[in-house]
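What follows is a single structure, written as structure tokens, with notes after it.
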Amino acid sequence: MAQSLFLGIETSCDESAAAVLSGGVVLSSLISSQTEIHAPFGGVVPELAARRHEQTLMPIVEDAMATAGVQYRNLHAIAVTRGPGLVGALVVGVAAARALGLVANCPVYGVNHLEAHVLSSFLEHEDLMPPTVCLLVSGGHTMIVHVRDIGDYVVLGETVDDAVGEAYDKVARYLGLGFPGGPPVDRLSAKGDPTALQLPRPMIHDGLHMSFSGLKTATVRAVAARPDVTNEDVSASFVAATIDVLRAKVRAAVRATQVPSLCIGGGVAASGPLRDAMQALAQEEGIACFLPPRSMCTDNAAMIAHAAYRLAAVGLADENVEVEPGLPLVRKG
Ligand code: KG4
Ligand code: ZN
């Protein structure tokens with residue numbers, strides 16, 4: 001297992017990505033982003049995404065294999081995202097993985113994209129062990145997960161409406177900051193006053209579930225009422241409100257589960273203020289904090305190959321590669 005070569009393939013949304021891992025170590029990880037195709041529409045257009053994956057995936061795979069210096073016949077497994085995500089986009093990745101499995105004569109494992117985000121902190125932190133609590137914050141999902149073991153997850157709380165990344169993207173769109181909106185809002189927030197706008201902290205005292213749609217609407221309304229406010233101040237106020245909520249929820253989750261550590265994953269986990277807040281929170285609670293490298297936060301194929309590698313190590317890798325656009329995070333028992 002130690003030296004096993006895994007090829008990972010990811011096409012669930014607007015990134016065609018391929019990566020090669022040896023014994024869980026990244027040899028190559030390449031991403032072809034479609035951002036510029038979808039930017040004029042302010043969001044991902046599923047049909048365009050699928051068509052672009054058809055064009056870009058195989059060259060990216062070839063490139064990842066060449067960069068790693070690995071031949072197909074030497075692969076031990078191929079891992080591919082089978083859900084959740086856009087159906088047409090997922091089909092392209094799974095079809096390619098199936099065909100390459102025949103070429104390489106190796107097993108093809110279907111990977112849950114959410115599980116891969118949850119396990120991304122384990123990629124470079126050998127001292128991170130379950131049990132832990134993971135805050136998963138992406139463009140499509142926001143959840144707090146009790147990782148009882150590799151492959152054994154309990155979703156403690158999740159958003160009842162918008163994902164955090166979606167709220168970032170919608171606020172950015174309103175401010176004319178382009179798509180995706182997380183990076184510019186994150187960057188501008190560092191230069192603004194977090195108290196400039198009085199924004200709500202929705203559901204902050206309501207158990208472990210969350211809501212971000214009202215916060216997004218409140219932000220847009222507050223800006224409409226104060227047209228003079230700067231984008232820096234709006235971003236800082238919005239980010240402060242979001243982080244206050246996430247901090248309260250993660251604190252409640254680590255106290256309830258008594259875990260010795262916390263970790264984070266998903267595109268918004270690349271946010272500087274969120275990373276700082278989670279580190280400070282862990283220190284206050286006297287537990288360890290594990291952050292994935294920023295390159296492993298937004299969608300990539302290294303996390304897909306890594307998830308399959310970790311699951312294979314405990315006999316839980318799954319050869320089911322049926323596309324499931326609404327695939328939930330695996331819950332054991
Ligand atoms: O995990 P991801 O790449 O795709 C999904 O699985 O959804 O997450 C994408 C989301 C987008 O909403 C994007 O705006 C947000 O992650 N994002 C960020 C940052 N980088 C990406 N949000 C805040 N700060 C960032 N630096
Ligand atoms: Zn993702």
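Read the numbers this way: they start at 1 and go in the same order the structure lists the ligands and their atoms. Treat the numbers as computed from the prediction; the structure is a model and nothing was measured.
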Practice prompt. Answer with yes or no after comparing the ring centroid distance for F122 and F290 against a 6.0 Å cut-off, counting only values under it.
Written response: no
Discussion item. With salt bridge (charged side-chain N to carboxylate O under 4.0 Å, His left out) as the rule and sequence neighbours excluded, what pairs involving residues 220-235 come up?
Written reply: R226-D228
Worksheet item: If you measure from the Lys or Arg side-chain nitrogens to the Asp or Glu carboxylate oxygens, is any gap between R255 and E285 under 4.0 Å?
Response: yes
Discussion item. Quick check on the Zn ion (ligand 2): does C13 put an N/O/S atom closer than 2.8 Å to it?
Written reply: no
Discussion item. If the cut-off is 2.8 Å, does any N/O/S atom of H141 fall short of it from the Zn ion (ligand 2)?
Written reply: no
Worksheet entry | D299, N/O/S atom nearest the Zn ion (ligand 2) | OD1
Worksheet entry | Pair R52-V92, side-chain contact (heavy atoms from CB on, under 4.5 Å): steps then yes or no | CA-CA 10 Å; R52 183 45 83 97; V92 177; over 6 Å; no
Worksheet, complete the sentence: Correct closest heavy-atom pair for L215 and P200 would be CD1-O, 3.5 Å
Item to complete: Would you check if S295 and N300 make a side-chain contact, meaning some heavy-atom pair closer than 4.5 Å?
Response: no
Worksheet entry | First-shell residues of ligand 1 [heavy atom, distance under 4.0 Å] | H113, H117, S138, G139, G140, G165, Y168, D169, P180, G181, G182, P183, D186, G266, G267, V268, A270, S271, C297, T298, D299
Fill in: Heavy-atom check, side chain of H209 versus side chain of K249, under 4.5 Å
no
